[in-house]
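What follows is one structure encoded as structure tokens, with my remarks underneath.
Below, chains carry the letters A, B, ... as their sequence lines are ordered, and counting in each starts from 1.
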Amino acid sequence: MTKLLRVVSPDGKYKEKDEPPLSEEELLKMYRYMMLTRALDTRGMALQRQGRIGFYVPSSGEEAVQIGSSFPLEPRDWIVPAYREQGAALLRGIPMAGIMAQLYGNEEDTAKGRQMPNHFTSRAAHFVPTSSPVGTQIPIAVGLGWAARIRGDNVVALGYFGDGATSQGDFHAAMNFAGLFQANTVFVCKNNQWAISVPFGNQTGTNEVAIKAQAYGFEGVRVDGNDVLAVYQASKEAIDKARFGGGPTLIEAVTYRMGPHTSSDDPTRYRDEAEVEKWRKKDPIVRFQRYLKEKGIWNEEMEVEIRQEAEAQVEEAVVRAEKRGLPSPATLFDDVYAEMPWHIKEAKEAFLEYLEKS
Amino acid sequence: MTKLLRVVSPDGKYKEKDEPPLSEEELLKMYRYMMLTRALDTRGMALQRQGRIGFYVPSSGEEAVQIGSSFPLEPRDWIVPAYREQGAALLRGIPMAGIMAQLYGNEEDTAKGRQMPNHFTSRAAHFVPTSSPVGTQIPIAVGLGWAARIRGDNVVALGYFGDGATSQGDFHAAMNFAGLFQANTVFVCKNNQWAISVPFGNQTGTNEVAIKAQAYGFEGVRVDGNDVLAVYQASKEAIDKARFGGGPTLIEAVTYRMGPHTSSDDPTRYRDEAEVEKWRKKDPIVRFQRYLKEKGIWNEEMEVEIRQEAEAQVEEAVVRAEKRGLPSPATLFDDVYAEMPWHIKEAKEAFLEYLEKS
Amino acid sequence: MPEMNIVQAVNSALLEEMQRDDRVILLGEDIGKNGGVFRCTEGLFEEFGPDRVIDTPLAESGIIGASIGMAFYGLRPVPEIQFLDFIYPAFDQIVSEAAKFRYRSGGEYPCQITIRSPYGGGIKGGHYHSQSTETYFAHTPGLKVVIPSAPYDTKGLLLSSIRDPDPVLFLEPKRIYRAGREEVPEGEFTIPLGEAKVVREGADVSIFAYGAMISQCTGAAEQAEEVGISCEVVDLRTLVPLDIDAVLDSVRKTGRVVIVYEATKFLGYGAEIAAILAEKAIESLEAPILRVAGLDTPFPYTHENLYLPDAGRILDAVEKVYSF
Amino acid sequence: MPEMNIVQAVNSALLEEMQRDDRVILLGEDIGKNGGVFRCTEGLFEEFGPDRVIDTPLAESGIIGASIGMAFYGLRPVPEIQFLDFIYPAFDQIVSEAAKFRYRSGGEYPCQITIRSPYGGGIKGGHYHSQSTETYFAHTPGLKVVIPSAPYDTKGLLLSSIRDPDPVLFLEPKRIYRAGREEVPEGEFTIPLGEAKVVREGADVSIFAYGAMISQCTGAAEQAEEVGISCEVVDLRTLVPLDIDAVLDSVRKTGRVVIVYEATKFLGYGAEIAAILAEKAIESLEAPILRVAGLDTPFPYTHENLYLPDAGRILDAVEKVYSF
Ligand SMILES: Cc1ncc(C[n+]2csc(CCOP(=O)(O)OP(=O)(O)O)c2C)c(N)n1
Ligand SMILES: Cc1ncc(C[n+]2csc(CCOP(=O)(O)OP(=O)(O)O)c2C)c(N)n1
Ligand SMILES: [Mg+2]
Ligand SMILES: [Mg+2]
């Protein structure tokens, strides 16, 4: 079994020599983003339950993985996400209003209401459009990192995927290309123990993901995914390595999907509450809070302030999103091609005429 | 690097304790089939060069892998081949006349002239229809072995593929299913160092195939693919293991594609004659011959007899194939479905009418 | 006779066939303990255990590839693809392998598998939980394609599909999975593949459709009736092989045709119907053939109702061909 | 102007575009040292080195997936799929990803890649070195599909494809790779996508086709001329977007239509042409629309000549629509 890297123990204890060189400000930024992600997820699920948005994919429990792994990235780097990366999207600079517009699929959504909630995209944030098919994003992350290498740029692509995704052929093709061509790509597998109802133990014949890197000739590391500093540390090393020509790394972040797979899922059908309870005690936010407290840079007052600010930010975005209308029906026909071909033009005209009439 | 298993050294020397328990008869049967395969390949290439058949895929250099790995199989077992497995097809019981009918695509071809040469198939021989797409056969081999396991049968499926095929997503999906469900499947990777013009070193970031099994939680073994006894030994162990519920094994047989990729290929464009020369000295047939001689069960006379018999068998099949006509055009429309639907029926009638008219 | 919705009809067909024939085996993602994300396999894991109702890893090519091997071994696999949108990792296995084995073996290797998959729009699933890409499969010789539009047909057609000696893609219109119930027989009962069904007779305009579009078509037909246009609605039920007689009979009667499908219009299944009519029935045609279909864009989220054909758009087309 | 065959025209387009634009990069199986199995990339590896002419591992989804990422980074990848028959491991990357990025990003992520692939029958390649499955791609919104039929067009269309901001599938009819030479300009020269070409004018029957079928059609047209039937042969050149004006103009003139394609007839590309005509030109039609196409079976080996449309079968159809 590949060694599990950990910096902060569940009770918040740590050894100074293990700590990554992060300033107080940086640590608090991490904490704020973890709290913000949690606030978004809590509200997102509620909005869905209230029927105000159609669907939601919570990332609760996986905040440390998202924030820890994307924290070392620079603006010129790229993120190639799966559908459970809202924390990384926020940290990357997609504004909360943009996130909310996407969830509502309203006229302010830069993607014009074309995808389900949680399928974020932003060119400015170098956040590649999220896709639903599991695994297809992984070769794309390789292409970005490989292109950087070919062009001689110190730019990195970070690709996220789940434990379930490791079973897909595209994972294999991607890892093999990356290893052979030494792409500037870092693979972050969020092993949250479940692929919908399938436990990791029924996903593959190995009991870890990291070992799979051996099949491609590069390093696989395993890290406690509920320890944001451990994730940060491993990711920072892998990102630096990739940036300066050292090739890819596979990071397995061992974590847990605390909520349902999506708002459509009922996990009580297939997993024990006891297991969830066990992991709830390992909540990555609580762990980090304990660490910050231990270091003396956390107090109750601050906690209230951070929480309130996070909630306010989400609330403001909700209010704004609910004021916005839907994208105009005419936008349905845009962006299939750079220029609209006749058959789409003709359909658009007929369609708008029909809408007017009816 | 996974240890390379070997029984017979290049000069034919061996240690008695390493020898598999094979009778003299069995050893000579192996030798005969290796010679027969070589005779077929030599003639097959010649037939193509003479324009008598359209295409050929030689397996020269890979006789030991084919014969050694399929020798331990029982009739109820299955072979799921790639397109370079004529030796295994012969040993499995596809008659030389059937092989030749397939190469000619004539009326005696059980597949009615529907596939390119070297795409053999036989239900009786449990030899699954060969396909051209690289890698698709591997999950099918898993399905057969898995079905056997589910039904509680001591039946094994043996799947062949090349080094190039290990890069495909289907290889990964197959290996992962096999490892998880402990399918009665044995994977034989014929690592002949080349995938058309791509050397194994440019195929993946590892310098061997066997290690890839670790990503799926089962054993990978490396064997000298030009040593038929080593291949036999490793295959026998793996087949027995799979047969009795021990799960899959990945066998990497290290060998060499002595000829061109196919009759359409010109290897001088991409590989040095010196490399070929080096491997020609490791010819698996010569090695086995030396061993048999060493054991005292080979002599020149026998060699001549075996060679002549092999050549005669091939010759007879050629003569027969050339006497046969083409499949009737009407057969073009059969076997798309069990029952012919109207649109095929209609097309068939129109077509036959047109043929008559013209 | 019990009343069932489509989900229950699927479940009932699977249950009974698995009881009848122990070679029938299910495999797919989340079909076991979870009972399938749409609950089509609910209770079957408990009934038949993990060797016959198999939760697989997340790899569609593994699911279909293994199913092919199982079929050769003598089992009758009924793999589920969670959404049709996710079938593409298995596309090679389906179009290059499953579809071609019988042919390329000269008939020695039939490939009896039935791939079940929910498909189509109407559940606010956006790009990847909504598409209708039956064209890819209907254009592939060797595959049969079946799409029911109601619970009764679902059960009868699914049983026929599982017993059919050829590979069948059985597409379930997820939007109407629970839309309504009707009486569905228990026990032995099949509906032959390749037979369309006239769900509403009419004299003026023929509407050809399948799946979730049928109810939109009958809705439009009712509205058309009010303005004095009599529509015949034909549910094709099997896309391959097509019931050509049902199509031609109707067109000979009406002379006017509207074809309805959710898929992208360009080269959608209706293109073939129109092409066949342009070849075989041109003399019967009294008006242009109109197709009411999905837009030639990827599937949207917010405005999926505008993307999908509905009774209004269908009626519009009916009026156009009628008044031509 | 030098004379070139199609292989040389492809090579020349790639060479010049790579010289002109250092973002253009090739990747695929056996395209480097070996120069491609059909020699289309001959000499380019030597010219541009292993960072711009990349021999990849044997994984089409890696090739296309990586190309997409490269395009986002700002490169202009021109991946080669060795035979169209082997594109399916990459099908998901093409139809679910490449085709949909522009749309799903609201225009922020165009996906400028040109996938080259030899396709079609006529080289005795059997099942898997012969198929024409352009339908799968032409039915997928977001993709453009281009098929040249001669060296001059090949170069001009390939240059336009590489520069086109959308993903293009550029299919090369391998059967006529070396069938004949014609003068092809060196240096700057493009042919716009979306424009068909009337390769032979005629008054009685319109024949629509593309790729290797063009020469069969002109052959049939010549024979038809001898029996007094004047055929117009329209080379579509771009399948998506279709040049609708060229199609309608011709049909309005002739009133009789034969559509020719190598693919399986059922839902082949010609079905859409027929369907469009049944919608837009029914009043111009004076005869049934006939399609001369590949058979509705997998592609055979021995009898591929019988499977593929040829001048004889085309002439037969021309005579039928003419004498209707
Ligand atoms: C190719 C494909 N198959 C099936 C699905 C349906 N599906 C959506 S998410 C999911 C499980 C993914 O598990 P994992 O990769 O572990 O990610 P997680 O959801 O745990 O973050 C499945 C089966 C899909 N989206 N894509
Ligand atoms: C999916 C697919 N891609 C490409 C090809 C073209 N092709 C045929 S054989 C081959 C190389 C195969 O190499 P390997 O797996 O090592 O087998 P070998 O030919 O050496 O026996 C390639 C690229 C193919 N047949 N299928
Ligand atoms: Mg997971
Ligand atoms: Mg090889």
Side-chain angles (χ1 to χ4, degrees), chain B residues 54-55 104-107 109 111-117 119 131-136 162-171 195-199 202-205 261 264-267 269-271 326-329 331-336 341 343-344 346-348 350-351 354-355 357-358, chain D residues 28-39 42 45 50 54-63 65 82-83 85-90 92-93 123-130 264-266 292-307 310 312-313 315-317 320:
Chain B
F55 180 74
Y104 278 82
N106 67 21
E107 61 185 343
D109 174 18
K112 307 179 190 171
R114 290 183 186 142
Q115 282 222 78
M116 288 177 96
H119 289 65
S131 173
S132 308
V134 167
T136 44
D163 43 308
T166 64
S167 295
Q168 281 290 16
D170 273 12
F171 164 79
I196 308 187
S197 73
V198 177
N202 292 352
Q203 192 63 243
T204 183
H261 171 64
S264 310
D265 178 47
D266 172 11
R269 295 178 63 91
Y270 54 77
R271 74 179 182 187
L326 300 181
S328 118
T331 62
L332 266 174
F333 299 85
D334 297 337
D335 304 322
V336 183
H343 65 292
I344 301 186
E346 191 181 283
K348 179 177 172 178
F351 191 77
Y354 166 77
L355 281 188
K357 196 174 76 180
S358 61
Chain D
E29 295 157 11
D30 307 293
I31 65 161
K33 226 172 167 185
N34 197 34
V37 297
F38 289 103
R39 310 288 174 249
E42 174 114 48
F45 178 80
I54 307 171
D55 272 325
T56 67
L58 214 173
E60 287 75 10
S61 87
I63 295 171
Q82 201 165 87
F83 288 81
D85 315 74
F86 302 137
I87 203 167
Y88 303 112
D92 207 9
Q93 288 291 343
I123 62 154
K124 276 253 173 188
H127 266 37
Y128 301 107
H129 300 79
S130 308
T264 288
K265 183 178 180 189
F266 200 90
V292 183
L295 305 179
D296 286 315
T297 72
F299 202 99
Y301 173 70
T302 299
H303 286 309
E304 77 165 336
N305 291 339
L306 300 180
Y307 177 100
D310 60 13
R313 273 169 68 201
L315 181 64
D316 194 49
K320 278 192 185 126

Contacting region of [X] [heavy-atom separation from chain D under 4.5 Å]:
X        : result
B:Ile344 : side chain
B:Ala111 : neither
B:Tyr354 : side chain
B:Phe351 : side chain
B:Val198 : both
B:Pro267 : neither
B:Ser131 : both
B:Lys348 : neither

Most contact-rich option vs chain D, by heavy-atom pairs under 4.5 angstrom, among B:Ala165, B:Pro327, B:Ala347, B:Gly162, is B:Pro327

Segment of [X] engaging chain B (4.5 angstrom heavy-atom cut-off):
X        : value
D:Phe266 : side chain
D:Ser130 : neither
D:Asp316 : side chain
D:Glu304 : neither
D:Leu306 : both
D:Thr297 : both

Between [X] and [Y], is there a donor-acceptor pair closer than 3.5 Å when you use the side chain of the first and the backbone of the second?
X        : Y        : result
B:Asp265 : B:His261 : yes
B:Arg114 : D:Pro298 : no
D:Thr302 : B:Gly113 : yes
B:Asn106 : B:Asp109 : yes

- In terms of side-chain heavy atoms, does B:Thr136 have a donor or acceptor partner in B:Asp170 at a distance below 3.5 Å? no

**Prompt:** What do you reckon, are the aromatic ring centroids of D:Tyr128 and B:His119 less than 6.0 Å apart?
**Reply:** no

request  = Measure centre to centre between the rings of D:His127 and D:Phe299, then say whether the value is under 6.0 Å.
outcome  = no

- Task: Look at D:Asp55 together with D:Lys33 and state whether they make a salt bridge at an N to O cut-off of under 4.0 Å.
- Result: no

With chain B, the option among D:Gly32, D:Pro89, D:Gly125 that has the most non-hydrogen atom pairs under 4.5 Å is D:Gly125

Interface check, chain B: of D:His129, D:Lys265, D:His303, most non-hydrogen pairs under 4.5 Å belong to D:His303

With sequence neighbours left out, the residues meeting ring-ring contact (aromatic ring centres under 6.0 Å, His included) with D:Tyr301 are none

Could you walk me through whether D:Gln82 and D:Glu60 satisfy the side chain to side chain donor-acceptor pair (under 3.5 Å) test, starting with their C-alpha distance in whole Å, then the side-chain angles of each, then the deciding distance to 0.1 Å, before giving a yes or no? CA-CA 9 Å; D:Gln82 201 165 87; D:Glu60 287 75 10; over 6 Å; no

The side-chain hydrogen bond (donor to acceptor under 3.5 Å, both in side chains) partners of D:Thr264 (sequence neighbours excluded) come to none

